[in-house]
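We're numbering straight along the sequence, starting at 1. Computed from a prediction, not measured in an experiment: that's the story for all the values here.
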Amino acid sequence: QVQLVESGGGLVQAGGSLRLSCAASGSILSTNAMGWYRQAPGGQRELVASINSGGSTSYVDSVKGRFTISRGNAKNTVYLQMNSLKPEDTAVYYCAFRNAPTIVPGLNDYWGQGTQVTVSS
């Protein structure tokens, strides 16, 4: 089992920044991938950003150039730096973890509890 603990959500004005953090513990393999999903009210959960076991990153088009995903040195933590936030970024953000080289939407093994991000206009 893997446990994920998220932090860093909150309320921010449009144009502001937030940094989300997620720490994984438990049965973690050296080859693992982590990512961030989000789900807005009435919407489907979408993959926002991911980082694979080799450090390569991927982003949904709507956040490219504004969000940055990164790992901690121990590779059991992942961060999502969110800049130039927009009201449409408002959602519950979920950390995801797989004991595999990449994040694959729909196949993630473990999820965090979610953290609310609200961007006011």
* Heavy atoms only: give me the nearest Val117-Gly9 pair and the separation to one decimal. => CG2-CA, 4.2 Å
* Test log, rule side-chain contact (heavy atoms from CB on, under 4.5 Å), inputs Ile69 and Val78 -> CA-CA 7 Å; Ile69 189 170; Val78 67; 3.6 Å; yes
* Structure fact -> Heavy-atom closest pair (Arg71 atom, Ile51 atom, distance to 0.1 Å) is CG-CD1, 3.4 Å
* With sequence neighbours left out, which residue pairs that include part of residues 30-45 fulfil the salt bridge (Lys or Arg N to Asp or Glu O under 4.0 Å) condition? -> Arg38-Glu46, Arg38-Asp89
* **Selection residues 34-82 - residue pairs positive for disulfide bond (SG atoms under 2.5 Å apart), sequence neighbours left out** => none
Side-chain donor/acceptor pairs under 3.5 Å, residues 12-26, sequence neighbours excluded:
residue, atom, partner, partner atom, Å
Ser17, OG, Asn83, OD1, 2.9

* Can you find a heavy atom in the side chain of Ile103 that is under 4.5 Å from one in the side chain of Leu47? -> yes
* Asked: Is a side-chain N or O of Thr115 found less than 3.5 angstrom from the main chain of Tyr93, in a donor-acceptor match?
  -> no
* Structure fact -> Applied to residues 28-65, the disulfide bond (SG atoms under 2.5 Å apart) test, sequence neighbours excluded, yields none
Side-chain donor-acceptor pairs under 3.5 Å in residues 94-101, sequence neighbours left out?
residue, atom, partner, partner atom, Å
Arg98, NE, Leu107, O, 3.2
Arg98, NH1, Thr102, O, 3.0
Asn99, OD1, Leu29, N, 2.8
Asn99, ND2, Ser27, O, 3.0

* Structure fact -> The complete set of ring-ring contact (aromatic ring centres under 6.0 Å, His included) pairs with one or both residues in residues 61-80, sequence neighbours excluded, reads none
* Donor-acceptor under 3.5 Å (Ser50 side chain, Gly35 main chain) -> no
* **Contact list for residues 53-64, test salt bridge (Lys or Arg N to Asp or Glu O under 4.0 Å), sequence neighbours left out** => Asp61-Lys64
* **Interatomic spacing from CD in Gln3 to OH in Tyr110 - rounded to 0.5 Å** => 8.5 Å
* Asked: Looking at residues at least two apart in the chain, or sitting in another chain, which of them share a side chain to side chain contact (heavy atoms under 4.5 Å, CB included) with Gln44?
  -> none
* Structure fact -> Sorted by chain and number, sequence neighbours left out, side-chain hydrogen bond (donor to acceptor under 3.5 Å, both in side chains) with Thr118 holds for Gln116
* With Tyr37 via ring pair (Phe, Tyr, Trp, His ring centres under 6.0 Å) - residues at least two apart -> Trp111
* Structure fact -> Closest non-hydrogen atoms of Gln113 and Leu4, given as atom of the first, atom of the second and distance, are OE1-O, 3.6 Å
* Within residues 42-64 or reaching into it, pairs that qualify as ring-ring contact (aromatic ring centres under 6.0 Å, His included) - sequence neighbours excluded -> none
